[in-house]
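This structure is a prediction, so every number in the text was calculated from the model and none was measured. Along the sequence shown, the residues carry numbers beginning at 1.
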Amino acid sequence: MTEDHKRAGAREWIGLAVLVLPCVLASMDMSVMFVALPSLTADLQPTSAEQLWIMDAYGFLLAGMLITMGTLGDRIGRRRLLLAGAAAFGAASVLAAYSTSSPALIATRVLMGIAGATLAPSTLSLIRNMFHDAKQRAAAVGVWTAGFAGGAVLGPIIGGVLLQHFWWGSVFLINVPVMLLLLVLGPLLLPEYRDPAPGRFDLAGAGLSLVAVLGVIYGIKQLAEHGFGWLPLTSCAIGIAVGAAFLRRQHRSANPMIDVRLLRSRRFGIPLLIDALATFGLVGFSLFNWQFMQLVLGMGPLESALWSLPTFLVMPLGIALATAAAPRAGKTAVVAAGLLVAAAGYGTLSAIRADSGIVHLVAALTVVAIGIGGVSAVITDVILSAAPPERAGMASALSETAAEFGGALGIAILGSIGTAIYRRDLTAHAPGSLTAGQLDAARHTLGGAVDTAAGLPKETADALRNVAFEAFARETRVASVISAVLMAGSAILIATLLRTARSRPVPAG
């Protein structure tokens, strides 16, 4: 039996369970801050700028370091990098938990982001080397996908429970025992793998990739929060220019960090694009469903997190259905079908109104989760399978980077379109008794409208809330239609473009 067809045994499956745990935590640490922020703000008293960096430093550094860490793992060993990253992540978590000032917390969040960037590409590339049988690898990638998605959902829930009994630092300390478990079991269960002929590490290229990703991600986030301006546009322009320089360097380098020839292959490039587009809709629309639950329906953070559980619980169903169907129907057809299922879910959301109940929202999001869950698992397996085994770390990093860009663009584009619709509708239909200052606060965000209404007479407050909720429902419907069209278009894209590339070989790195 060849290595490519060797089936994994109990050791590999137990090792997979160990690999999924740090991915759950890395994902949780991006969402848990939403519930921890009020408590730590009351304790540390950060400025508005410091508060933003407390929230964003982790995600920025994680996104910026993915390519570097993925290719570094190919060179020095994926298990070695994973264990080093786990130790650093655990240590940084302790420092974050006991931070006594905002700058100290920001610094530790930066360290957590750098360490967190080792986890996703290392774990995913190790899966590529542990599971050689195609069906088993697809199932393993599905479990990994569910863990990563589940962490984002579990973060607010676990954080809410912890904050009811402990101080805000407890949301960071939960990382420590899991990382210790990984450090103990990793050497026993996980194989080591590295590129046998990696060449020299491109330090200058690593710097260029970091600046490129940070520049674009920061610019997109600023566009989403503040609209068009010289700062976000300049940041995006610098990031794109540096990114172009990075790609030129990779094309000419004897020891490139990423294989540009692989990016040009449809079997690799098209799945990367689909990965980004799927994340675009999922992450971008999260802006709307969380606000709808908390502001329109009046739920607290923990209650809204609990209502999001059904979407997490059905995601493994979508993953299982997709991975089971892929060997018979073909991966391209399964991904296209999953995208169409997600489009149907978004289409259901396009009928939502301010007086729609939680069942309408959750049922539609559950359909989206089934579709996107299957798409994410299969498309990740397609990306890994298209890359040579010795470049699995690079392929994993590019997959995660594509998802980061897709999510950032989703928030920026859907958020900007939605904000424009909300402001137009609220300005046109707001109660005439509002002062200029009250109107400005109400039209800025839905939260601003709710806060403004709290200080008004009952009749005016009810009228303002009704107008604001209807305006927000309209922007939610528009975002739903955009997401549905995008998912349907993505299904057509992968069904037509990837089908012609099946028989073409992917160049070895």
Side-chain angles (χ1 to χ4, degrees), residues 26 29-30 33 48-72 103 106-118 120-121 201-253 256-260 263 269 272-273 275-277 279-280 283-284 287 394-417 419:
D29 269 76
M30 298 192 70
M33 292 302 295
S48 57
E50 289 173 337
Q51 188 177 95
L52 287 174
W53 281 110
I54 289 171
M55 292 292 294
D56 296 336
Y58 175 79
F60 282 168
L61 269 295
L62 187 146
M65 295 296 293
L66 280 170
I67 293 176
T68 296
M69 293 303 183
T71 55
L72 184 62
I106 293 169
T108 58
R109 292 286 286 169
V110 168
L111 294 176
M112 289 179 68
I114 295 172
T118 69
F201 182 71
D202 186 2
L203 187 59
L208 288 174
S209 71
L210 176 62
V211 173
V213 174
L214 286 182
V216 175
I217 292 287
Y218 177 77
I220 290 172
K221 185 171 179 61
Q222 289 297 305
L223 284 171
E225 292 180 352
H226 306 295
F228 287 94
W230 69 267
L231 178 60
L233 292 177
T234 300
S235 180
C236 286
I238 291 173
I240 292 171
V242 174
F246 169 73
L247 290 176
R248 284 196 301 271
R249 181 180 179 87
Q250 299 310 295
H251 182 71
R252 298 170 182 171
S253 175
M257 293 180 63
I258 63 172
D259 191 341
V260 179
L263 286 175
L272 276 182
L273 177 60
D275 196 14
L277 292 175
T279 312
F280 177 102
V283 176
L287 279 173
M394 177 270 294
S396 304
L398 287 175
S399 175
E400 288 302 305
T401 303
E404 291 288 339
F405 274 116
L409 281 171
I411 291 173
I413 294 175
L414 294 181
S416 297
I417 293 173
T419 297

Problem - Rounded distance (nearest 0.5 Å) linking atom CG of Leu214 with atom CD1 of Ile238 - result: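 Spacing of CG (Leu214) from CD1 (Ile238) equals 12.0 Å.
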Problem - Gap separating the CE atom of Met112 from the CG atom of Leu61, nearest 0.5 angstrom - result: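 If we round to the nearest 0.5 Å, Met112:CE and Leu61:CG are 11.5 Å apart.
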Looking only at non-hydrogen atoms, find the nearest pair between [X] and [Y] and report the distance.
| X | Y | answer |
| --- | --- | --- |
| Asp275 | Thr279 | O-OG1, 2.8 Å |
| Val242 | Ala212 | CG1-N, 3.9 Å |
| Val110 | Ala57 | CG2-CB, 3.9 Å |
| Gly219 | Pro232 | O-CB, 3.4 Å |
| Leu62 | Ala117 | O-CB, 3.7 Å |
| Ala276 | Ala402 | CB-O, 3.4 Å |

Exercise for the section: Decide side-chain contact (heavy atoms from CB on, under 4.5 Å) for Met69 and Ile114; before the verdict, give the C-alpha distance in whole Å, the side-chain angles of both, and the deciding distance to 0.1 Å. Expected result: CA-CA 9 Å; Met69 293 303 183; Ile114 295 172; 3.8 Å; yes
Handout entry: Donor-acceptor pair, side chain of Ser235 and main chain of Leu231, under 3.5 angstrom
Key =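 Not at all, since once roles are kept as given, no pair shorter than 3.5 Å links the two residues.
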Exercise for the section: Could I get the full list of side-chain contact (heavy atoms from CB on, under 4.5 Å) partners for Leu233, not counting sequence neighbours? Expected result: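 Applying side-chain contact (heavy atoms from CB on, under 4.5 Å) to Leu233 gives Leu223, Phe228.
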Handout entry: Phe246 and Leu210: CA distance, side-chain angles, deciding distance, side-chain contact (heavy atoms from CB on, under 4.5 Å) verdict
Key = CA-CA 10 Å; Phe246 169 73; Leu210 176 62; over 6 Å; no
